[in-house]
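As the structure lists them, so they are numbered: ligands from 1, and atoms in each ligand from 1.
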Amino acid sequence: MTLGEYEVKPGPNTILYVKNLKTWFPVRRSLTEILMRKPRRWVRAVDGVSFAVNEGDVFGLAGESGCGKTTTGRTILRLVDPTSGIIAYKPRERLIKEWTSMNYKPRVVDDYGCIDIASIPQKYLKPLRKEMQMIFQDPYGSLNPRYTVYSLLEEPLVIHGIGESRDERYDIVAKTLEAVKLTPPEEFMYRYPHMLSGGQRQRVGIARALILNPRFIVADEPVSMLDVSIRAEILELMMELKRKFNLTYIFISHDLAVSRYITNKIAIMYLGKIVELGETRRVIENPLHPYTKALIEAIPEPEPENRLKIREIPIKGEVPSAINIPSGCRFHPRCVVLDAHPELKEYCTRKEPPMVEVEREHYVACWLYARK
Ligand SMILES: Nc1ncnc2c1ncn2[C@@H]1O[C@H](COP(=O)(O)OP(=O)(O)OP(=O)(O)O)[C@@H](O)[C@H]1O
Ligand code: SF4
Ligand SMILES: [Mg+2]
């Protein structure tokens with residue numbers, strides 16, 4: 001028995017939601033293809049994603065490389081333009097005031113004051129950056145090597161006109177460095193990125209996201225480039241900052257062991273779509289989708305002598321290209337469950353499964369559950 005189909009319903013605590021979000025990238029055509037009038041093809045990086053994030057959530061986006069996690073995060077922040085769908089966000093009062101002073105009135109999309117992010121013209125996006133920020137995977141690549149830590153942190157303040165004087169900006173930079181535990185701040189301010197360890201660099205990356213006092217942060221694989229020994233420290237820091245500054249995170253990771261540790265809700269993505277969604281504890285303890293089950297099977301387990309053992313993933317073949325997405329359930333060419341349930345074949349290969357609620361707030365898109 002299912003409890004009904006998934007529907008994004010914003011409430012008083014919702015800070016962000018997306019509905020049927022799509023981000024497609026055009027594939028370049030060769031001259032021959034253009035001359036032969038071959039239709040344009042698309043990389044369907046995000047292909048109809050819906051979910052809601054409440055204030056204070058650490059909402060996980062998980063799934064294999066190429067499933068569309070980063071593109072989802074970047075689209076939400078309007079670093080990439082969506083192809084279609086709704087991105088709704090509840091801004092602070094002061095953001096609305098800033099837009100009003102610019103003679104811009106954002107489109108309100110529900111009774112809770114969420115606004116339509118997708119329709120904001122480029123020239124009005126700047127104030128939004130103060131509220132919605134991103135932490136990048138590669139702290140080295142995302143920090144300009146020619147800037148000192150001080151300049152890297154002062155730059156966003158200057159761009160957004162925060163801090164009346166250099167002294168005031170200095171204080172903000174020093175406080176932010178303290179918040180990310182780079183203390184004493186004077187010791188770090190005048191170093192260049194190459195003079196920092198990987199963990200320290202990521203702390204600067206976090207400080208750069210934090211310095212504009214945001215309320216919503218997309219953290220894209222923030223610890224995957226770091227040494228295993230310092231991952232826990234950075235995750236602890238992110239949780240501490242969340243409590244201190246009332247942050248909400250979307251936490252992107254291909255590593256379910258990390259997601260399990262930090263997120264309270266999780267969406268499992270496969271080829272641009274969410275296949276399972278729910279409280280992290282429920283999804284990890286009771287995975288329903290054959291793909292989620294396979295991912296959880298693949299989490300390394302400690303062996304007696306403390307070596308990590310990678311277990312085999314019960315999936316067939318490789319991830320298909322996001323240009324040629326399989327018909328029906330997009331996971332069907334790799335699904336071992338389908339082999340055991342030939343009666344499902346007609347459904348699985350032809351019709352996309354709806355996302356249904358199987359237990360409270362635990363949703364899955366698989367015909368195994370949707371047909372009952
Ligand atoms: N700017 C772009 N132009 C064309 N295709 C893109 C672009 N950005 C991403 N893609 C494609 O979109 C799909 C999703 O990519 P994305 O980076 O969102 O995946 P991901 O889940 O973050 O993967 P990873 O775990 O490797 O970071 C991939 O097929 C990728 O090649
Ligand atoms: S819908 Fe069918 S093919 Fe897709 S995961 Fe479920 S059983 Fe496998
Ligand atoms: Mg990515």
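Atom 16 (P) of ligand 1 has as its closest protein heavy atom Thr71 OG1, 3.5 Å. Nearest protein neighbour of atom 22 (O) of ligand 1, counting heavy atoms only, is Thr70 OG1, 2.7 Å. The shortest contact between atom 14 (C) of ligand 1 and any protein heavy atom is with Gly66 O, 3.4 Å.
Nearest to atom 10 (N) of ligand 1 by heavy-atom distance, out of Tyr270, Phe25, Trp42, is Phe25.
Considering backbone and side-chain N/O atoms, Lys69 comes within less than 3.5 Å of an N/O atom of ligand 1. When only interatomic distances are considered, the shortest N/O to N/O separation between Thr72 and ligand 1 does not fall below 3.5 Å.
Side-chain polar atoms of Ser165 and Asp167 form no donor-acceptor pair below 3.5 angstrom. In this structure, a donor-acceptor pair under 3.5 Å is present between the side chains of Tyr291 and Glu64.
For atom 31 (O) of ligand 1, no protein heavy-atom neighbour is present inside the 4.0 Å cut-off.
For Phe245, the CZ atom is densely surrounded, since the number of other residues' heavy atoms within 6.0 Å is greater than 12.
With a 4.0 Å cut-off on non-hydrogen atoms, Val43 touches ligand 1 through its side chain and not its backbone.
When distances to the Mg ion (ligand 3) are checked against a cut-off of 2.8 Å, Gln137 contributes no N, O or S atom below that limit.
Between Lys126 and Glu98 there is no salt bridge, since no side-chain nitrogen of the basic residue lies less than 4.0 Å from a carboxylate oxygen of the acidic one.
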